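Note that the structure is predicted; figures quoted are calculated from it, not measured. So that the names make sense, note that chain A is the first sequence line, chain B the second, and so on, each numbered from 1.
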Amino acid sequence: MTTTAATTTTVSTVPQGAPSIPGGSRIGWAISDTLTITRRNLIVYTRIPEFLFFSTVQPIMFVLLFRYVFGGAIHPPPGYKDYADYLMPGIFVQSVAFGSISTAVGLSEDLQKGLLERFRALPMARSAVLTGRTTADLVRNVFVVAVITAVGYAVGFRIGAGVLAFGAGILLLLLFAYALSWGFAVIGLSAPNSETAQVMAFPILFPLVFASPAFVAVRTMPGWLQPFANHQPIGVVVTATRALMHGGPTASLVLQALAWCFGLLLLFIPFAVRQFRRRT
Amino acid sequence: MTDAIEAANLEKTFGGTVRALDGVSFAVEQGTVFGLLGPNGAGKTTAVRVLTTIVQPDAGTARVLGHDVVADAGRVRALIGLAGQYAAVDENLTGRENIVMVGRLNHLARDVASTRSAELLERFGLTDAADRTLKTYSGGMRRRLDLAAALVARPAVLFLDEPTTGLDLRSRNDLWEMIEGLVDGGTTVLLTTQYLEEADRLAHRIAVVDHGHVIAEGTPEQLKADLGATVLAVGLPDPATAGSAAEILDKVGTKPPSIDGSSIELPVDDGPRAAMEALRLLDGRDIVPTSFELREPSLDDVFLALTGKRTEADDEDADAAGDGARGRGRKGTRAAATTGGAR
């Protein structure tokens, strides 16, 4: 390039050129950019008290609330000696579901603050803003699940179906959380600001989380509500996770849950990308 | 000489009605500083957003170092740096983390990014604050950090969108010195500003922008020569007296005086001599001014000379920007233009 010749007087302003221009692999840069954004998002999470609250204090409070306040009044279905064994898979799913709101809030804030616009002028992979956000939330969910497992153990939860099946249950709910993150990315990119994003998220999550087998058996609900509670995505994922963690037939339940996870990913990823293009 | 930036007939309309760019053309020679001068809402920021590939123009073409900003946006992004009035840095990250992040997103190796960030923090006087989150930074520190981050990949062309708007006097002077340092290093800079003094001090060439058009272009000297080097402002007891004073002083300035209520203003070539003559003439008619001032021409005066009207800041834009010193009405502009002190 002829243009570099004129700017050689000091080290600080000579364009380096070469490392900035994607030479070899676009995918390599996309991964590197995703990791950079992931790292940034995780650092930010550790510095914002409300994110730490949603990731730790809130799930712990739900465990204690259902175990000790409501738990005495709830009779676990046959096959569960302790309500904690019934409750914990529900708490896992509920925690990652509520946690995915942070995807919406985080993206919305970045948009509001003009950070995404600045990213537009950088030679980075544009997709990294979304993949970095959802990856950071996946990492955060691993942490949340570890915290809740420990709290669950303290209140009497025990793995009923072996460590491998329990691990499969964890993987299933992390996959589900990842799919939800993409859904909430759509909300974050559609809302005018982060407060609105939060307000939009709750009415969607509440019926899905509570009209489900997460905390009580569906057969105790009115007849008209039962089909919804059993077949909506959170209901299906709770049932499959519970089967993996407690024991019992799993194959068909897990397939249904996987179908929901991949279905939601197929729906939300293109939708999120479209909103992202529209807003930046 | 090669042109580092070429913009030809750029047009951009937002929301179907707001015509931000209405056929803007200019060229920036390699290694020079080019100032886009204009009030809020003139289209300066939109021009920068087009040139930095953030938005695509509706019509017209633009090239940065020969690369089309639409067709070859990836290549352009690898060659430019952008720092702006909104200082789009992450306030939850530390200064160092911000620069390293921008470096990594420019695809610098990890160790290169961290060496560069240490270097830049030092150069911009931020070493002590390097490991504090930006929440603790002052406005001036944020702008400096924003500028440092924009420089991390050694861009050949740097875009500065109103780099000192809203800053106090000292921060503004600090930043000017830092920008001058860059220019000595040979970086091509496109600067937008509302302050004639800023453009005058930093830019080799200035384009005056209004309502999406370039209405004048030249060196700061050329623009000011059209204007008269100094403005004589005289306050009078009442509008009637102002009217007669304007008649008396008609021949003193390079242009007839303009009357605004009970004060008049006129561009003059030789300030002190014109002032003496003006006082003598007024005294001869027993007119006693309430104020009498010689000052640098402001953006407002440039506009008055070029368009025959005062700048009208685009209120929507101005309010959104939320800056203290802006070119709305003449008071604001005058205050802004004189903050740097007399030369």
Novice: Is B:A150 close to chain A through its backbone or its side chain, or both, or neither, when contacts mean heavy atoms under 4.5 Å?
Specialist: both

Novice: Using the side chain to side chain donor-acceptor pair (under 3.5 Å) definition, which of the options A:T34, A:T103, A:D110 pairs with A:R133?
Specialist: A:D110

Novice: Tell me, side chain or backbone of B:A4 under 4.5 Å from chain A's heavy atoms, or both, or neither?
Specialist: neither

Novice: Of the backbone (N, CA, C, O) and the side chain (C-beta and beyond), which part of A:L116 lies under 4.5 Å from a heavy atom of chain B, both, or neither?
Specialist: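 For A:L116, no heavy atom lies under 4.5 Å from chain B.
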
Novice: Within the side chain of B:R49, is there an N or O that forms a donor-acceptor pair under 3.5 Å with the backbone of B:T53?
Specialist: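 Looks like no, no N/O pair under 3.5 Å.
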
Novice: With ring centroids as reference points, do A:F206 and A:F98 lie under 6.0 angstrom apart?
Specialist: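 Yes: the rings meet the under 6.0 Å criterion.
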
Novice: Hey, are the side chains of B:L190 and B:F26 touching, using non-hydrogen atoms and a 4.5 Å cut-off?
Specialist: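 In contact.
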
Novice: For the interface with chain B, which of A:I43, A:D33, A:V44 has the highest count of heavy-atom pairs at distances below 4.5 Å?
Specialist: A:D33

